[in-house]
Structures are given as structure tokens and as C-alpha cells.
Amino acid sequence: KSKAEGRCRFHFFEPALQASAEARRLLEFDLRAALALGQFELFYQPQLDLASDRLAGFEALIRWRHPVRGLVPPDSFIPLAEELGLIIRIGEWVVREACAEAARWPDGLCVAVNVAAAQFTSGTLISAVTGALLRSGLPSRRLELEVTETALLHDDGGMTLEQLQALKDLGVQVSLDDFGTGYSSLTQLRSFPFDRVKIDRSFADDPAVVRAVAALGNSLGMRITAEGVETDEQMQRLRDDGCTEAQGYLLSRPVPAGEVATLIERLGLLQGRRKMGAEVG
Ligand code: C2E
Ligand code: MG
Ligand code: MG
Ligand code: MG
């Protein structure tokens, strides 16, 4: 009887497993062609400077416009792209595209680009970044690269830190992304003179953590961005707790490049209104 049950279970589960392996193969096939087909797009999410209430810049966030699946979010394909080694070429496209776009924005606005761990081991990151800056004419100080703790954890022989330093020497800003979600965060923070720490959005409602990280980051001369700010209350608290920038749905969701100009205008107007409100009140 138990044998029959086992067989039954086997028959029950096998098609599902086959389907997921098949789905993965299809995704992989499409992903290999996506770059050549021009199916990637960058969306941009604003970052607000909390001292001045001014727009500081945008983070570039990749999307895959798939003809059948629609707009695919990065968490659904970046891990596979990393696994397949495609992230190197995709990452080069991202930095080129982001620099070209940012070069059209008002001077002073920065663009932040996410860099995957594998890009550091490829040996082509520095030349890709230099090339993107030269082609676009974007001043290096207006480009920021975001790395996660994972990239530093797999840093064999200090290669990643060496390249981060080379990027800083170019005048590019370097920030530590998703702070607090990885393993051994404090070690990572101490291991390199980051320009910025981005506190992961899972801590937006944890004032004790935010205050501690902000105090530590500030004492190390770093700027502190709060990620995932969704309410006015959070924004006020994060400002009081020592964050220097805020990013989140409260300001705006990530928008396509074509909507950036309108967003710059809207946030500029918002700033004007805040100032007036402060003067009147
Ligand atoms: P990340 O770099 O930490 O980016 C922030 C993510 O949080 C974005 O998700 C953004 O849309 C989302 N977010 C922003 N504000 C809020 C909020 O108020 N509430 C909530 N719930 N979420 C918010 P997205 O665009 O889906 O990107 C996810 C991750 O994919 C990024 O996390 C980053 O690690 C990775 N990624 C995105 N673009 C690239 C890229 O060009 N290259 C690489 N290597 N990774 C990328
Ligand atoms: Mg990021
Ligand atoms: Mg993040
Ligand atoms: Mg993240």
C-alpha cells in the first residue's frame, strides 16, 4: 500500500517539476536574447535630500519588457542573469544607458546604478564605467554605484575593494546598498570608505536600528539614505533619526525615462510649496 501511495505521489508531483524546469529553460532562452533585442529598460526613482528638501538624483532600476510576460521586475531575472554570466553585459548596458540619460538632466542631479557582485570579478567594470562616462559626458561626481554586502563577502583577495577604490579615484561615488540585510554588516561598513549607506527598507519602521546605523555612518563621514519610505510619518522620523536622504513610494515609484522631466518639475514645485508653507506657518 505504501508503495502505491509513493507512486501516486510521484505521478502527482512530476508534471509540476517538469513544468518548472521547462519554464526556466524558456526564461533562460529569452533572457539570452533580450539584450540584443533591446528589451531592457531603465526606470528611475527619485531620491530626496532631507536637509534641503531638494531632489538629489535618481536610482536607475532595470526592467525587462518581455513580449509575452509584460514588464518583468529585476528580482525575477537578475539572479538568473548572474547565474548565466549574462549580468556582465547587462550591467555594462545599464551603466551606459544610465549615464546617457543622466547627462540630459539638470546639472547636479546624480544617477545611482546597481552593480552585481559578478561585475567586480569580470575585470571589465572599471573600463565599462570609464567608457560610459566618456561617451555620455557625464561628470564622474554625478555617478554613484551601489553594491550590496554580498559583493563584499565574496571578495577573493580584496579585488572588489581594489576596484571600489579605483572607482572612487575616478570621482565616482560608492554606496553600500540594502544595509542590514546581509551577514556581518558592521564588518562590511568598516571595510571600505563608502560615500553612502542605504538602510534597507525593512528597517523603515525600526527607529533603534535607523538611529544606530545613522550615528555610525555619520561618524564615519558617510551619507545615509533611508529606502522604502512610504508615509509622511516615516519620512519625518527618518529625518529626525539622522538620515540625510530618502527614497520611496511616498515621493514616487520608479518611472520610465520619459517621465523623469515631469517628476523633476513636480518635486521642484513640491519643494517650493514646502518652503512657502514653512514661511507662512
Ligand atoms: P534595490 O537596489 O534595493 O532597489 C530598491 C527596490 O525597492 C526597487 O525594487 C524599488 O522599486 C523598491 N522600492 C522603492 N521604494 C519602495 C517603497 O517605498 N516600498 C517598497 N515596497 N518598495 C520600494 P526593484 O526595482 O524591483 O528592484 C529590486 C532589486 O533589483 C534592486 O533593489 C536591486 O538589487 C536589483 N536591481 C535593479 N536594477 C538593477 C540593475 O540594473 N543591476 C543589478 N545588478 N541589480 C538591479
Ligand atoms: Mg539599489
Ligand atoms: Mg536597496
Ligand atoms: Mg534590494
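Just the heavy atoms: all of them, side chains too, but no hydrogens, waters or symmetry mates, feed the values below. Remember, it's 1-based here, ligands and their atoms both numbered in the order they're listed.
Checked for salt-bridge contact, Arg96 and Glu92 miss the test: no charged N lies under 4.0 Å from a carboxylate O.
Thr148 lies apart from the Mg ion (ligand 2) in this respect, since none of its N, O or S atoms is found at a distance under 2.8 Å. Among the atoms of Asp200, no N, O or S atom is found under 2.8 Å from the Mg ion (ligand 3). Inclusion of Asp177 in the first shell of the Mg ion (ligand 2) is supported: an N, O or S atom falls under 2.8 Å. Note on Glu146: counted as a metal contact of the Mg ion (ligand 2), an N/O/S atom lying under 2.8 Å.
The minimum distance between the Mg ion (ligand 3) and any N, O or S atom of Glu227 involves atom OE2. Atom OE2 is the N/O/S atom of Glu59 found closest to the Mg ion (ligand 2).
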- request: Please step through salt bridge (charged side-chain N to carboxylate O under 4.0 Å, His left out) for the pair Glu245 and Arg54, ending with a clear verdict.
  value: CA-CA 10 Å; Glu245 273 88 17; Arg54 267 173 209 271; over 6 Å; no

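Not a single N or O atom of Leu250, backbone or side chain, sits closer than 3.5 Å to an N or O atom of ligand 1. The shortest N or O to N or O distance between Gln247 and ligand 1 is not below 3.5 Å. The shortest N or O to N or O distance between Gln119 and ligand 1 is not below 3.5 Å.
Residue contacts with ligand 1 leave out Lys198, since none of its heavy atoms falls under 4.0 Å from the ligand.
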